[in-house]
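One structure below.
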Amino acid sequence: MADIRFGAAINKALADAMEADPSVVLLGEDIGAPGGPFGVTRGLMTRFGAQRVRDTPISEAAIAGMAVGAALTGVKPVVEIMFMDFMTFAMDAIVNQAAKAHFMFGGQCSVPMVVRTPHGGSLNAGPQHSQCLEAWFAHVPGLKVVVPSNPADAYGLLRAAIADPDPVIFVENKALYASKGQLEADAAPIAIGSARICRPGQDVTLVSYGATVHAALKAAEVLAAAGSSVEVIDLRSIQPWDEELVAASVERTGRLVIAHEAVTPFGVGAEIAATITERCFGRLQAAPLRVGAPFMPVPFARALERAYIPDHNTIAAALWRCLGKSPA
């Protein structure tokens, strides 16, 4: 086991997958020598050659369309879209082609492609480079969506995504690239759709994913200091999501709060709250609460962006409301 940065864990997952399977190729803008905008693919072109690590023109639609075609012929493309905001240019290929091909051709083909893309704020990049759009793709039948929160999960989920026969949207929060964590020397793929309990608790269930998991854990510490026990669940995968684990936790605690960086309306939190309310209504002691960004574009200004992104104080306040208590 060794310490590794989040971005380096993704690089290792790509390298290990390419080493194990010659059909795995990488496509994206500046992913060769520069290693992409965040250096995640640095060194892979030198190691595997320009035929398998392909710098592309600046056209997300062309990159995604090429990946769909390649996947349908047996290649396993891993696409990098520089910022999740630019997924808008690739929506036809991903939503209308990749997600539908298996169904439209009677199950005779699959589209084993992965789309890696960073989301989230923290870099003061403004409203066109900071959006969290994962709920869009989670709403599309035929797509899987994963959002790791730490290096070990980034490695394991990416290996699973590359091996999956279906298209997977692999979302990386920009704020996590430099974060460190432990990675086993013989780390294995992590099943898509499996959440994990990263802090056991008895009084309220707190569900999150991606970078917000770290704010959730900090909020749980705040409540623990005041005598309240919070169970924190890292979803890891939001399509499919681990309904059984979340429901079992809420059956024990009787309360639920969901936190994410994406805007609150029509988001992942709304889906989880609705599902758990239907399933666990008789066990709920309070209405489920959602924590997310306000319904507005991400601001440029550092102070405004800091206020926009939900932090541990925002999450702690929701936990107190759910518990019907006030901060000590």
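This one's a predicted model, so the numbers in the text were calculated from it and none came from an experiment.
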Anything under 30° is parallel, anything over 60° is perpendicular, the rest tilted; go ahead and classify Phe83 against Phe86. perpendicular

What closest approach, in Å, do Val114 and Ala161 show between heavy atoms, and which atom pair accounts for it? CG2-O, 3.4 Å

Quick note, salt bridge (charged side-chain N to carboxylate O under 4.0 Å, His left out) partners involving residues 237-247, not counting sequence neighbours, are Glu243-Arg279, Glu244-Arg279

For the residue pair Leu183 and Pro151, establish whether any side-chain heavy-atom pair is separated by less than 4.5 Å. no

Hydrophobic cluster of Val25, others only, ordered by chain and residue number, side-chain cut-off 4.5 Å: Val75

I want to check something: taking the side chain as every heavy atom from C-beta on, are Phe38 and Lys174 in contact at a cut-off of under 4.5 Å? yes

Side chain to side chain, Lys325 and Leu319, heavy atoms closer than 4.5 Å: no

Side chain proximity check, Leu223 to Asp203, heavy atoms < 4.5 angstrom: no

Mind checking what makes salt bridge (charged side-chain N to carboxylate O under 4.0 Å, His left out) contact with Arg252, not counting sequence neighbours? Glu231

Side-chain heavy atoms of Gln97 within contact of Asp92, under 4.5 Å: yes

Worked check of side-chain contact (heavy atoms from CB on, under 4.5 Å) between Ile10 and Tyr177: CA-CA 9 Å; Ile10 295 171; Tyr177 280 129; 4.2 Å; yes

Would a 4.5 Å heavy-atom cut-off, applied to side chains only, mark Pro37 and Glu80 as touching? yes

Holding to ring-ring contact (aromatic ring centres under 6.0 Å, His included), I want the full list of residues that pass it with Phe48, two or more places apart in sequence or in another chain. none

Name the atoms and distances for all side-chain donor-acceptor pairs under 3.5 Å in residues 140-150, with sequence neighbours left out.
residue : atom : partner : partner atom : Å
Lys144  : NZ   : Asp164  : OD1          : 3.1
Lys144  : NZ   : Asp164  : OD2          : 2.8
Ser149  : OG   : Asp234  : OD2          : 2.5
Asn150  : OD1  : Ala152  : N            : 3.2
Asn150  : OD1  : Asp153  : N            : 2.9
Asn150  : ND2  : Asp153  : OD2          : 3.1

Just checking Ile58: does its CD1 atom have more than 12 heavy atoms from other residues, nucleotides or ligands closer to it than 6.0 angstrom? no

Just wondering, are more than 12 heavy atoms of other shown residues or ligands nearer than 6.0 Å to NZ in Lys218? no

Is any side-chain heavy atom of Val291 closer than 4.5 Å to one of Val257? yes

Arg47 CZ: over 12 foreign heavy atoms closer than 6.0 Å: yes

Apart from Val298 itself, what residues make up its hydrophobic cluster when side-chain heavy atoms of I, L, V, M, F, W and Y under 4.5 Å apart count as a link, directly or indirectly? Val263, Phe295, Met296, Tyr308, Ile309

Cluster question for you: counting only ILVMFWY and a side-chain heavy-atom cut-off of under 4.5 Å, with indirect links fine, are Val232 and Tyr209 together? no

Any side-chain heavy atom of Ile81 within less than 4.5 Å of one from Arg116? no

